[in-house]
Trainee: 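Have a look at this one before I ask anything.
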Amino acid sequence: LYVSGVGTKDSTGFMTNGDYQQIEAYKNVIDWLNGRCRAFTDHTRQHQVKADWSNGKVATTGLSYLGTMSNGLATTGVDGLEVIIAEAGISSWYNYYRENGLVTSPGGYPGEDFDSLAELTYSRNLLAGDYIRGNEAHQVDLEKVKEHLDRKTGDYNQFWHDRNYLLNAHKVKAEVVFTHGSQDWNVKPLHVYQMFHALPAHINKHLFFHNGAHVYMNNWQSIDFRESMNALLTKKLLGQETDYQLPTVIWQDNTAPQAWLSLDNFGEQEHFETFSLGQEEQVIQNQYSDKDFERYGKTYQTFNTELYQGKANQITIDLPVTKDLHLNGRAQLNLRIKSSTNKGLLSAQLLEFGQKKYLQPYPAVLSARTIDNGRYHMLENLCELPFSATTQRVVTKGYLNLQNRNDLLLVEDITADEWMDVQFELQPTIYKLKEGDTLRLVLYTTDFEITICDNTAYHLTVDLEHSSLALPCQKL
């Protein structure tokens, strides 16, 4: 079954994007499949349709918005939902369009905010009659959305609270399968990390954590994800008795092509490896020349390239790795920092730096149209993440409003030229480092892909002698 929600073509109502009004539409379908809800062939409600062919056991699947709806649906605890396969799904919408008190955009879509998605997904306007009858009311509703999302402050409020599935994760009864990429800067790894840990302890949960971006992994050569899901669904939906059991975490090893390992957990490590950041004070200027500001604003890829080359307004710190490490969880920056004014935006990226082979974030076609999906289904490409030489690879990143330096719900004043001690957690990840590798920490202000582009004249000063980087590491 392919199910569309309220506000989409042929439906009624507005596009509420991710709140429980929208999720109720999908819950109703499961209720219908279990005989608890009526369904009709059209809006006249003259011809009822019964799901007398259904055994009432349901699984949901899909990437991005579809994975997000699976997350939300599972938190209703609806009877009949046996499995969700949530691929790159959102767990709290605040963390999609905001981060640590900042207005941010999903990677690849600079400037996008929640109202852009609401307009895009309101597909009722594709029907001429619906457009004439409903567009005026839709535009009024959209203006309310723009007001409630509060783009001025970036603060967490009731609008985002209504779209936070983590609050109801304790209600989940289904077996949960996640897939997520360490290089997914659209739906960032924090989403799956928080949902993974918010689930009840007694349910079965599994995470395929790969090294790709915001992508499907069902047609990769290195792992038979599709047959793994077939085995699980045969057991859960058809009641076939098997001993099949997925590991808790299935992780794609970043140090070799086509290699996967089973792990016991994502994060929650007891051991931290700490790196000192230096001996002196260094300054990050926020303001660029008009020429550079316009150039970066037009093409964020240019900004990213020059940031990695050390040509932007930044502090760059190279950290030698003196022994093998297996990072698993959220790296933490402990910084002593001050701003020259009453505000401060801090961006950070941690790279593995050096010319060598790294897994690339987007799958390449190994063999075109060679996977046979059976009768009535198209042939599919066989793909894999390339393992090829580049100069660096992003390990993790993060963004912080210094007014929210101690808590998301606490907005504190920044006094100009007054030192602050900040603990700043970056996006969770799993990553292997070998003795002799080099970590490169980049600290800067405006990120032209992710944050609001600010060109005011202020600077941040970091006391490197009283600053450090702590990596949660599992035992090798």
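Computed from a predicted model, the values in this text were never measured in an experiment. One is the number of the first residue; the rest follow in order along the sequence.
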Trainee: What is the ring orientation for Phe14 with Tyr122, classed by angle as parallel under 30°, tilted 30 to 60°, or perpendicular over 60°?
Mentor: tilted
Trainee: Is any side-chain heavy atom of Leu346 closer than 4.5 Å to a side-chain heavy atom of Tyr399?
Mentor: no
Trainee: Indicate the atoms forming the closest heavy-atom contact of Gly18 with Tyr65, along with that distance.
Mentor: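 Nearest heavy atoms, Gly18 then Tyr65: N-OH, 3.8 Å.
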Trainee: Compute the centroid of each ring, for His191 and then for Trp93, and state whether the two points are separated by less than 6.0 Å.
Mentor: no
Trainee: Please round to the nearest 0.5 Å and tell me the distance separating atom OG of Ser468 and atom CG of Leu277.
Mentor: 6.0 Å
Trainee: First locate atom NZ of Lys397, then atom CD of Glu449, and finally report the distance between them rounded to the nearest 0.5 Å.
Mentor: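 The CD atom of Glu449 is 5.5 Å from NZ of Lys397, to the nearest 0.5 Å.
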Trainee: Taking Leu382's backbone N and O only, do any of them form a donor-acceptor pair with Asn219's side chain (distance below 3.5 Å, no angle check)?
Mentor: no
Trainee: If you draw a 6.0 Å radius around OH in Tyr109, do more than 12 non-hydrogen atoms from other residues or ligands fall strictly inside?
Mentor: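 No, OH of Tyr109 has 12 or fewer neighbouring heavy atoms, counting only those of other groups under 6.0 Å.
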Trainee: Would a distance-only check, ignoring hydrogens and angles, find a side-chain to backbone donor-acceptor pair under 3.5 Å from Asn381 to Cys383?
Mentor: no
Trainee: Can we say Glu175 and Lys205 salt-bridge, meaning some charged N sits less than 4.0 Å from an Asp/Glu carboxylate O?
Mentor: no
Trainee: I need the minimum non-hydrogen distance between Lys57 and Leu237, along with the two atoms involved.
Mentor: CD-O, 3.4 Å
Trainee: Could you tell me whether the side chain of Thr396 and the main chain of Leu426 form a donor-acceptor pair under 3.5 Å?
Mentor: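 Checking the backbone N and O of Leu426 against the side chain of Thr396, no donor-acceptor pair under 3.5 Å is found.
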Trainee: Once the angle between the rings of His326 and Trp251 is folded into 0 to 90°, is it parallel (under 30°), tilted (30 to 60°) or perpendicular (over 60°)?
Mentor: tilted
Trainee: Taking atom CG of Asp407 as the centre, report whether more than 12 heavy atoms of other residues, nucleotides or ligands fall under 6.0 Å from it.
Mentor: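 Check passes, neighbour count above 12.
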Trainee: List the steps and the verdict of side chain to side chain donor-acceptor pair (under 3.5 Å) for His214 and Gln183.
Mentor: CA-CA 8 Å; His214 195 63; Gln183 300 298 293; over 6 Å; no
Trainee: Parallel, tilted or perpendicular, judged at 30° and 60°: which one describes the rings of Phe266 and Phe196?
Mentor: perpendicular
Trainee: If every non-hydrogen atom of Ile85 is compared with every non-hydrogen atom of Ser70, which pair is closest and at what distance?
Mentor: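 It is O-OG, 4.5 Å.
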Trainee: Once rounded to the nearest 0.5 Å, what's the spacing between atom CG of Leu351 and atom OH of Tyr308?
Mentor: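 Going from the CG atom of Leu351 to the OH atom of Tyr308 covers 6.0 Å.
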Trainee: Could you walk me through whether Phe448 and Tyr300 pass the ring-ring contact (aromatic ring centres under 6.0 Å, His included) test, one step at a time?
Mentor: CA-CA 5 Å; Phe448 287 82; Tyr300 70 82; 10.0 Å; no
Trainee: Is Lys173 paired with Asp79 through a side-chain N to carboxylate O contact shorter than 4.0 Å?
Mentor: yes
Trainee: Salt bridge or not for Arg405 and Asp421, using N-O below 4.0 Å?
Mentor: no
Trainee: Validate the cation-pi geometry between Arg163 and Phe159: distance from NZ or CZ to the six-membered ring centre under 6.0 Å, angle to the ring axis within 45°.
Mentor: yes
Trainee: Do the side chain of Asp437 and the main chain of Leu433 share a donor and acceptor less than 3.5 angstrom apart?
Mentor: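 Flag not set: sc Asp437 to bb Leu433 has no pair under 3.5 Å.
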Trainee: Between Asn157 (side chain only) and Trp160 (backbone N and O only), is there a donor and an acceptor less than 3.5 Å apart?
Mentor: yes
Trainee: Would Glu273 and Lys323 pass as an ion pair if we require N to O under 4.0 Å?
Mentor: yes
Trainee: Give a yes or no on whether a salt bridge exists between Glu352 and Arg393, defined as a side-chain N under 4.0 angstrom from a carboxylate O.
Mentor: no
Trainee: Taking atom types as modelled, is there a side-chain donor on His271 or Gln474 under 3.5 Å from an acceptor on the other?
Mentor: no
Trainee: We want to know whether Asp447 and Tyr444 form a side-chain donor-acceptor pair, criterion being a heavy-atom distance below 3.5 angstrom.
Mentor: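 Checked: Asp447/Tyr444 side chains pair up, N/O donor to acceptor below 3.5 Å.
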Trainee: With a 4.5 Å cut-off on side-chain heavy atoms, are Met195 and Phe178 touching?
Mentor: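 Side chain of Phe178 against side chain of Met195, heavy atoms only: contact under 4.5 Å found.
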Trainee: Taking the side chain as everything from C-beta on, heavy atoms only, tell me whether Val78 gets closer than 4.5 Å to Arg36.
Mentor: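 In short, these two side chains touch, coming nearer than 4.5 Å.
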Trainee: Is there a side-chain contact between Leu207 and Val192 in this structure, where contact means two heavy atoms from C-beta onward sitting under 4.5 Å apart?
Mentor: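 Sidechains of Val192 and Leu207: in contact.
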Trainee: Evaluate Trp220 against His210 for ring-ring contact (aromatic ring centres under 6.0 Å, His included), listing each step before the verdict.
Mentor: CA-CA 11 Å; Trp220 293 6; His210 58 79; 5.1 Å; yes
Trainee: Between His161 and Tyr156, does the ring-ring contact (aromatic ring centres under 6.0 Å, His included) criterion hold? Intermediate values first, please.
Mentor: CA-CA 7 Å; His161 200 64; Tyr156 186 89; 5.7 Å; yes
Trainee: Which pair of heavy atoms, one from Asn218 and one from Phe225, lies closest together, and at what distance?
Mentor: CA-CD2, 4.0 Å
Trainee: Determine, step by step, whether Leu81 and Leu73 satisfy the side chain to side chain contact (heavy atoms under 4.5 Å, CB included) criterion, reporting the C-alpha distance in whole Å, the side-chain angles of both residues, the deciding distance to 0.1 Å, and the verdict.
Mentor: CA-CA 9 Å; Leu81 182 61; Leu73 179 60; 4.0 Å; yes
Trainee: With side chain to side chain donor-acceptor pair (under 3.5 Å) as the test, would you mind laying out the steps for Thr16 and Gln22 before giving the verdict?
Mentor: CA-CA 6 Å; Thr16 60; Gln22 184 178 55; 5.1 Å; no
Trainee: Indicate yes or no for a side-chain donor-acceptor contact from Ser123 to the backbone of Lys9 under 3.5 Å, with no hydrogens or angles considered.
Mentor: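 Answer holds: yes.
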Trainee: Test side chain to side chain donor-acceptor pair (under 3.5 Å) on Glu112 and Tyr97; report intermediate values, then the result.
Mentor: CA-CA 8 Å; Glu112 181 187 311; Tyr97 286 117; 2.5 Å; yes
Trainee: Would the number of heavy atoms belonging to other residues, nucleotides or ligands and lying under 6.0 Å from CZ of Arg151 be above 12?
Mentor: yes
Trainee: For Phe424, is there any backbone N or O sitting under 3.5 Å from a side-chain donor or acceptor partner on Arg330?
Mentor: no
Trainee: For the CG atom of Asp31 and the CG atom of Asn28, what is their distance to the nearest 0.5 Å?
Mentor: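 It is 6.0 Å, given to the nearest 0.5 Å.
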Trainee: For the pair Asn211 (side chain) and Gln252 (backbone), establish whether a donor and an acceptor sit closer than 3.5 Å, ignoring hydrogens and angles.
Mentor: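 Looks like yes, one N/O pair under 3.5 Å.
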Trainee: Do the side chains of Leu471 and Leu350 get nearer than 4.5 Å, heavy atoms only?
Mentor: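 Yes - at least one pair of side-chain heavy atoms lies under 4.5 Å apart.
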Trainee: Would you call Arg440-Asp318 a salt bridge at under 4.0 Å N-O?
Mentor: yes
Trainee: Around atom CD of Gln355, are there more than 12 heavy atoms from other residues, nucleotides or ligands closer than 6.0 Å?
Mentor: yes
Trainee: Does this structure show an ion pair linking Arg98 with Asp113, if we count only N-O contacts that are shorter than 4.0 Å?
Mentor: yes
Trainee: State whether Glu380 and Arg226 are salt-bridged, where the test is any N-O pair (Lys NZ or Arg NE/NH1/NH2 against Asp/Glu carboxylate O) under 4.0 Å.
Mentor: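 Looking at Glu380 and Arg226, the cut-off is met.
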Trainee: Rounded to the nearest 0.5 Å, what separation is found between the CD1 atom of Ile450 and the CG atom of Asn304?
Mentor: 8.0 Å
Trainee: Should Leu345 and Asn401 count as side-chain neighbours, where that means a heavy-atom distance under 4.5 Å?
Mentor: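 With C-beta onward as the side chain, the pair stays apart.
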Trainee: Just how far is it from atom CG of Asn100 to atom CD of Gln403, taken to the nearest 0.5 Å?
Mentor: 13.0 Å
Trainee: Any side-chain heavy atom of Phe353 sitting closer than 4.5 Å to one from Leu439?
Mentor: no
Trainee: Is there a donor-acceptor pair under 3.5 Å between the side chain of Tyr216 and the backbone N or O of Leu63?
Mentor: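 Indeed, once roles are kept as given, a pair shorter than 3.5 Å links the two residues.
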Trainee: Tell me the closest heavy-atom pair linking Val6 and Gly13, and the distance in Å.
Mentor: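 Nearest heavy atoms, Val6 then Gly13: CG1-CA, 3.8 Å.
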Trainee: Side chains of Leu402 and Val422: does their closest heavy-atom pair fall under 4.5 Å?
Mentor: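 In short, these two side chains touch, coming nearer than 4.5 Å.
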Trainee: Check this for me, if you would: do Asp184 and Lys188 make a salt bridge, where the nitrogen-to-carboxylate-oxygen distance has to be below 4.0 angstrom?
Mentor: no
Trainee: Is a donor on one side and an acceptor on the other found under 3.5 Å between the side chain of Glu99 and the backbone of Leu400?
Mentor: no
Trainee: Do you know the tightest heavy-atom contact between Ala25 and Gly5?
Mentor: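 Result for this residue pair: CB-CA, 4.3 Å.
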